[in-house]
Amino acid sequence: MDLTSCQPPSRQGKEPSVMALGFFDGVHIGHQRVIQTAKQIATEKRLKLSVMSFFPHPKEVLEGKTVSYLTPANVKESIFGSMGVDTLYLVKFDLALAKMSQAEFIRNYVVAAGAEHVVAGFDFTYGYRGSGNMQTIAQDGEGCFEVTEIPKAELFGQKISSTLIRESLLQGNVQLVTACLGKYYETAGRISEVRTVGQRGQVIVQVVTMPYFTLPASGLYEVLAEIGGAVSHGIARRKEGSDVIELKLKPVRDIVCHSPVSLKWVKPVSEFIFRRTLRMKKLEKGRPGGYSGDGFASDYNADADFPGDRVR
């Protein structure tokens with residue numbers, strides 16, 4: 001996939017394409033429908049498939065707010081590539097772009113990039129103060145491209161949106177997030193500390209989350225951790241206000257500091273039930289530390305709890 005950071009792009013040398021247009025933070029089910037529709041049209045018309053996205057978020061530029069993203073720019077690039085996108089136009093959102101009229105934006109960016117057909121969601125807006133929308137885009141394009149509007153995607157009567165996903169994460173509702181994305185929510189980080197504890201060699205890992213990701217609310221979660229190409233079930237603890245994730249894994253080989261880690265957030269785990277399970281298993285074994293059993297708990301055979309939180 002060709003990545004073009006454009007401000008603005010030049011039409012010279014640009015291949016005609018079907019363009020999916022939007023911010024696409026999270027690349028949720030609604031976004032996927034936009035890109036999949038664009039891909040279908042591109043196949044039918046024998047054109048390239050392009051995506052035009054934006055960074056940073058307008059709130060950072062216009063309101064000075066710090067925005068946590070669902071998919072930082074490099075992650076979106078990887079997802080788009082896996083979806084068959086040929087060219088990604090990553091537009092820098094700055095004050096000059098924010099002040100641009102709707103017609104100027106379409107002419108200087110969309111038409112200039114060689115779009116012959118534009119696909120976007122029903123609520124896409126552009127231009128100064130979002131004055132342009134899906135009802136004006138064809139007129140602003142002055143006949144240079146066709147337009148396809150994708151209707152609202154809903155789940156349980158709610159519009160699937162990046163805002164809904166962020167709010168759900170901040171409430172710890174990662175299962176609703178999974179439903180909106182069509183897959184587990186995923187964050188990236190690097191290992192800052194590794195410790196092996198207990199007779200069974202359980203691994204306690206500290207993971208520093210990479211910038212821009214939105215993390216779930218504080219608490220315990222079941223996760224899938226990918227380290228060095230190997231995937232392991234684990235329990236992750238996130239503390240309020242911290243970008244450091246405390247990760248408990250069953251014995252895993254070759255974990256070293258500074259290794260990259262991908263965490264897929266599966267579901268919340270009740271701390272009360274988690275502690276009670278540990279207590280009961282220890283009593284059954286008649287020794288401090290260690291438990292085994294059926295289901296999720298049996299994956300751990302833990303000899304210790306989270307550091308500083310031993311069950312007494």
Side-chain angles (χ1 to χ4, degrees), residues 20-40 51 53 57 59 67-85 119-124 148-189 207 209-210 212-226 231-238 240 243 245 247 261-274 295-297 299:
L21 190 56
F23 196 86
F24 298 122
D25 190 25
V27 198
H28 57 62
I29 288 174
H31 297 151
Q32 292 167 34
R33 290 177 184 172
V34 171
I35 297 169
Q36 288 163 356
T37 300
K39 183 177 181 179
Q40 181 180 352
V51 167
S53 188
H57 195 282
K59 287 185 178 180
V67 176
S68 293
Y69 296 84
L70 303 171
T71 45
N74 63 316
V75 177
K76 281 200 288 190
E77 181 182 352
S78 176
I79 294 172
F80 294 150
S82 70
M83 297 180 73
V85 174
V119 183
F122 76 103
D123 56 353
F124 177 73
T148 296
E149 177 181 328
I150 303 302
K152 176 170 58 175
E154 291 186 318
L155 183 68
F156 308 127
Q158 297 184 82
K159 183 184 80 169
I160 296 175
S161 67
S162 302
T163 300
L164 174 63
I165 294 171
R166 289 190 203 96
E167 291 173 350
S168 298
L169 283 171
L170 296 177
Q171 295 167 3
N173 191 352
V174 295
Q175 289 159 301
L176 179 58
V177 172
T178 298
C180 291
L181 296 177
K183 61 181 181 179
Y184 294 131
Y185 179 62
E186 189 169 351
T187 59
V207 177
T209 306
M210 302 299 284
Y212 296 116
F213 283 103
T214 300
L215 288 173
S218 59
L220 298 179
Y221 297 86
E222 179 183 343
V223 296
L224 295 173
E226 182 175 349
V231 178
S232 178
H233 280 81
I235 290 285
R237 164 169 285 160
R238 196 257 166 145
E240 187 68 37
D243 63 355
I245 305 300
L247 185 62
V261 182
S262 169
L263 293 180
K264 294 181 179 178
W265 300 79
V266 179
K267 63 181 180 182
V269 176
S270 165
E271 184 148 0
F272 171 77
I273 294 175
F274 184 69
F296 180 66
D299 288 335

Does any part of the side chain of Val27, heavy atoms only, come nearer than 4.5 Å to the side chain of Phe80, both counted from C-beta?
yes
Indicate every side-chain donor-acceptor pair of residues 151-161 with a distance under 3.5 Å to a residue at least two apart or in another chain.
residue, atom, partner, partner atom, Å
Lys152, NZ, Glu154, OE2, 3.4
Lys159, NZ, Asp123, OD2, 3.1
Ser161, OG, Leu164, N, 3.0

Atom OG in Ser162, atom NE2 in His57: separation rounded to 0.5 Å?
7.5 Å
Nearest 0.5 Å, what's the CZ-NE2 distance between Phe23 and His31?
9.5 Å
To the nearest 0.5 Å, what is the distance between NZ (Lys267) and CD (Gln175)?
7.0 Å
Does Phe122, at its CZ atom, have more than 12 non-hydrogen atoms belonging to other residues, nucleotides or ligands within less than 6.0 Å?
yes
Spacing of CZ belonging to Arg238 relative to CG belonging to Asp243, to within rounding of 0.5 Å
8.0 Å
From CA spacing to verdict: side-chain contact (heavy atoms from CB on, under 4.5 Å), Thr71, Tyr69:
CA-CA 5 Å; Thr71 45; Tyr69 296 84; 5.9 Å; no
Does any N or O in the side chain of Ser82 come within less than 3.5 Å of the main-chain N or O of Ile79, such that one atom is a donor and the other an acceptor?
yes
Would Lys264 and Lys183 count as a side-chain contact (heavy atoms from CB on, under 4.5 Å) here? Give the steps.
CA-CA 9 Å; Lys264 294 181 179 178; Lys183 61 181 181 179; over 6 Å; no
Looking at Val269 and Ile235, what are the two nearest heavy atoms and their distance?
CG2-CD1, 3.8 Å
For the residue pair Val34 and Ala20, what are the closest heavy atoms and their distance?
CG1-CB, 4.0 Å
Any side-chain donor paired with an acceptor under 3.5 Å for Ser218 and Glu240?
yes
Exam field: side chain Thr214 to backbone Ser68, donor-acceptor pair closer than 3.5 Å:
yes
Do you know the tightest heavy-atom contact between Asp25 and Leu70?
OD1-N, 3.0 Å
Minimum side-chain heavy-atom gap Met210-Pro72 below 4.5 Å
no
Output for pair (Tyr185 OH, His28 NE2), nearest 0.5 Å, gives 13.0 Å
How close do Ser168 and Leu176 get, counting heavy atoms only, and between which atoms?
OG-CD2, 3.3 Å
For residues Leu21 and Ala120, report the shortest heavy-atom separation together with the two atoms involved.
O-CB, 3.6 Å
Would you compute the distance between atom CG of Leu263 and atom CD1 of Ile245 and round it to the nearest 0.5 angstrom?
7.0 Å
Show, in sequence, the C-alpha distance, side-chain angles and deciding distance for Leu169 and Val174, and conclude whether the side-chain contact (heavy atoms from CB on, under 4.5 Å) test is met.
CA-CA 6 Å; Leu169 283 171; Val174 295; 4.1 Å; yes
Using the side-chain contact (heavy atoms from CB on, under 4.5 Å) rule, take Val261 and Glu226 through it: C-alpha gap first, then chi angles, then the decisive distance, then the call.
CA-CA 6 Å; Val261 182; Glu226 182 175 349; over 6 Å; no
Residues Trp265 and Thr178: closest non-hydrogen pair is O-OG1, 4.1 Å
Should we say atom CZ of Phe213 is surrounded by more than 12 heavy atoms from elsewhere, each under 6.0 Å from it?
yes
